[in-house]
Structure formats: structure tokens, C-alpha cells
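Below, chains carry the letters A, B, ... as their sequence lines are ordered, and counting in each starts from 1.
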Amino acid sequence: MPEAPEVETLRRGLESFAVGRPMGPPRLGRARIFRDMESPEVLQGLLDGAVFSSIRRHGKFLILDISRDDLGESGLVLILHMGMSGQLRASAVCGLQAMRVAHAHLTFCFLDHTEVAFIDPRTFGRVYLDRLADGESLPPTLSHLGPDILLSQHPFAKLRDRAVDSRVWIKKMLLDQCLVAGIGNMYADEVLFGSRIDPRREGRSLSRSEFDSMEATAAEVLNRAVKLGGSSLADRSYRDIDGDLGRFQNEHLAYGREGEPCPRCATEIVRIVSGGRSSFFCPSCQG
DNA sequence: CAAATATCCTGATAGC
DNA sequence: TGCTATCAGGATATTT
């Protein structure tokens, strides 16, 4: 379940591995993941002879800027979303392990015979082809997203505005990518724990100082997570571009810790389910 | 119109 | 041991 810190880790990996490296046509897998393009074959022709000039991230999306000798900085971008089980994996020598080949849906084939594969067993991941409008840095496909949780100075400004008169649970609002982009179920619980806020609180019940606290906590938690290469959970499905596991899961304080003592007050962490999503929190010190 | 629910999907795991 | 049922959840579409 790659969220902003995991996607940022992948962004850095892809940046150092792929930027400026000329490509041939990519290999294609299942068509299901390709969106907003006439056919995946169009993408093949477009990437053949291209380079990625930069790799950017907004929320949980990666934005790969496409540059070609014939088009220059065309404004064309490839957008990747990892969904639940998506992985990016580099291979120094051509070819991936057979078990991964079955789920490799898009493989960038560089002319030096290195590869980067987008692997996704559950195919919740998505690939979009889009074009930047003049002067815009975000493509239309991503225009609905709120401020990026890691890049914005005040990522919760829009969330706060919307929360003022909302009876929606704050946990649910944190997951709304239109309000703030990059937080998923895992980091939402960690941020709420750090700010001592019950996930079931209505948006309108939060004070200004509680929003400030969430903003400060989010910055601490997510930057720390980036520093540790993200979080790999029990299924170990999240790995960086080299296949290595993240290390921030060892520092989770609430998420996934049902029945364990709260690190602050030793009360048992509880799990509730709402809308099919789990929330882990301390019923005692998250008020 | 906002909010709740259904849908997609397969590997891992719990339970029998 | 080996099978089956259940679970995980991000984003989008559909229904209430």
C-alpha cells in the first residue's frame, strides 16, 4: 500500500536509475492498467527513442516527464500509480525473475539492456499518458489532487477549510486525496496517534491547534518514513526499486498494533472497521 | 448533493 | 497436510 513516503522512495530510485537513459520500446503486460490512452501500443511508439527527463511525485502518483529528440520537452508525461500491490523493480541485466514476469505490466527497456518493470499482481495500479498544459506542472489527470503532504508548506490548509463545517470523520478526510495528497490508511493512523486525535472525531470538532499539531506530526512522521525507505508490512509487498524492504514499519506506534500497549499510556491499542477500512488507535489518549 | 456502498484483484494467512 | 474462506485496501463508479 504505497503512500507518499513509499512512492517518494521509488521516485528517488527511479530518478537515479532511469533519468537520461535512452529507451527502446517497452514491453507490455495486461491492458487493464493502462488508462487515458488510445492503446498501450501508442505508448510503445512514444517511448521508443525517448528518455525520462525528470521523475516527479504528487501524492501517491509518480510523474515521468518524457523527452524526445524530435519533440523536445513535449509536455508528455507518463503517470504511474502503484495501487495496492504495485512495485517498481530495476534489473541491472536484462530479464527479471520468472515469477515476476507474470505480473510485469510495463517494462522500460533501456538501450544499455537495463530494465525497470512495473509489477502489480493485483492490478489496482494504473498507468496514464497525459500532456501538461502550458505553464502547468501538474497534468490534467492529477488536477483534482490536494496539496502534496511532503512538498506543501501548509498541506492541511484545504483540509482545514473543508473540515470547518463537516461532520465527516477526520480519519476519512485525511484519506481524501482531493483535500491532501499522499496520506493512506497507515500514515493517517500514525498522524492521528501522534496528534492524540480520535479518528472518529468530526472534522468540525477539531481546533486550530489540533490541525497545527497534525501538520507538524505529519511532517515529522512522513519525513522520518522517507528517511527509512518507507514501510513494508507483513506481506512484504512494498520494496524499493532494488527490491529492499522499508524500515519505518518498525517505528509504527498505532497502525497494525491491535492489542499491544499504547507506547504513551499502555492502554491496549484497538482496531475499528469503518467502510471496510481499519483504524488503529489508543482509546485512552486519543481524545 | 453528500455519503455510503460496491467493485476491481490476488497473495498471504487463518482455520478446519 | 492441504484445502477453502477470508482479508487487505486506493480509487472510481454506482447507489442511496
task = Take A:Ser166 and A:Arg162 through the test side chain to side chain donor-acceptor pair (under 3.5 Å) and record every step on the way to the result.
result = CA-CA 7 Å; A:Ser166 173; A:Arg162 190 72 68 86; over 6 Å; no
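- Where A:Tyr255 and A:His144 each meet DNA chain C at their nearest nucleotide, the meeting point lying more 5' is that of A:Tyr255.
- Sorted by first then second residue, the side chain to side chain donor-acceptor pair (under 3.5 Å) pairs that include residues 176-193 of chain A, not counting sequence neighbours, are A:Glu6-A:Tyr187, A:Lys171-A:Asn185, A:Lys171-A:Asp189, A:Tyr187-A:Ser231.
- Within the structure, ring-ring contact (aromatic ring centres under 6.0 Å, His included) contacts touching residues 188-216 of chain A (residues at least two apart or in different chains) do not occur.
- The stretch residues 166-180 of chain A comes close to DNA chain B through A:Val168, A:Lys172, each having a heavy atom under 4.0 Å from the strand.
- A:Arg32 pairs by the side chain to side chain contact (heavy atoms under 4.5 Å, CB included) definition with A:Arg30, A:Thr123, A:Phe124, A:Arg126, not counting sequence neighbours.
- Remark: A:Ser143 pairs with no residue by the side chain to side chain contact (heavy atoms under 4.5 Å, CB included) rule, at least two apart or across chains.
- Other residues sharing the hydrophobic cluster of A:Ile272, ordered by chain and number and joined by side-chain separations under 4.5 Å: A:Trp169, A:Val270, A:Phe281.
- Judged as a side chain to side chain contact (heavy atoms under 4.5 Å, CB included), and not counting sequence neighbours, the contacts of A:Pro22 are A:Val51, A:Leu111.
- By the 5.5 Å and 30° criteria, A:Phe124 is not stacked with the base of C:dA11.
- At a non-hydrogen distance threshold of 4.0 Å, nothing from residues 243-254 of chain A comes into contact with DNA chain B.
- Counting non-hydrogen atoms under 4.0 angstrom, A:Arg32 reaches the backbone sugars and phosphates but no base.
- Boundaries of the chain A contact region on DNA chain B are B:dA3 to B:dG11, first to last in 5' to 3' order (nucleotide atom under 4.0 Å from a heavy atom).
- A:Glu3 has no carboxylate O lying under 4.0 Å from a charged side-chain N of A:Lys60, or vice versa, which leaves the two without a salt bridge.
- Between A:Lys60 and the phosphate of C:dA11, there is a side-chain N or O to OP1/OP2 separation shorter than 4.0 Å.
- In this structure, A:Arg239 does not pair ionically with A:Asp244, as no charged nitrogen and carboxylate oxygen lie closer than 4.0 Å.
- OP1 and OP2 of C:dG10 both lie 4.0 Å or more from every side-chain N or O belonging to A:His81.
- Taking A:His81 as the reference, A:Phe61 meet the ring-ring contact (aromatic ring centres under 6.0 Å, His included) condition, with sequence neighbours excluded.
- Over its full length, the helix from B:dA2-C:dT16 to B:dC16-C:dG2 turns its helical axis through 50°, comparing axes from the five pairs at each end and rounding to 10°.
- Ion pairing between a basic and an acidic side chain is recognised when a charged N comes within 4.0 Å of a carboxylate O; A:Glu215 and A:Arg160 show no such pairing.
- In this structure, A:Ile33 atom CD1 and C:dT12 atom P are separated by 15 Å, rounded to whole Å.
- With sequence neighbours excluded, the residues forming a side chain to side chain contact (heavy atoms under 4.5 Å, CB included) with A:Arg21 are A:Phe17, A:Phe110, A:Asp112, A:Thr114, listed by chain and number.
- Across all strands, A:Ser237 comes closer than 4.0 Å to no nucleic acid atom at all (heavy-atom distances).
- Residues A:Ala234 and A:Thr123 each lie close to DNA chain B; by heavy-atom proximity, the contact nearer the 5' end of the strand is made by A:Thr123.
- Counting non-hydrogen atoms under 4.0 angstrom, A:Arg162 reaches nothing in the nucleic acid.
- The two residues A:Pro40 and A:Phe34 make their nearest non-hydrogen contact at CG-CD1, 3.7 Å.
- Using a 4.0 Å cut-off between charged side-chain N and carboxylate O, A:Arg11 and A:Glu8 make a salt bridge.
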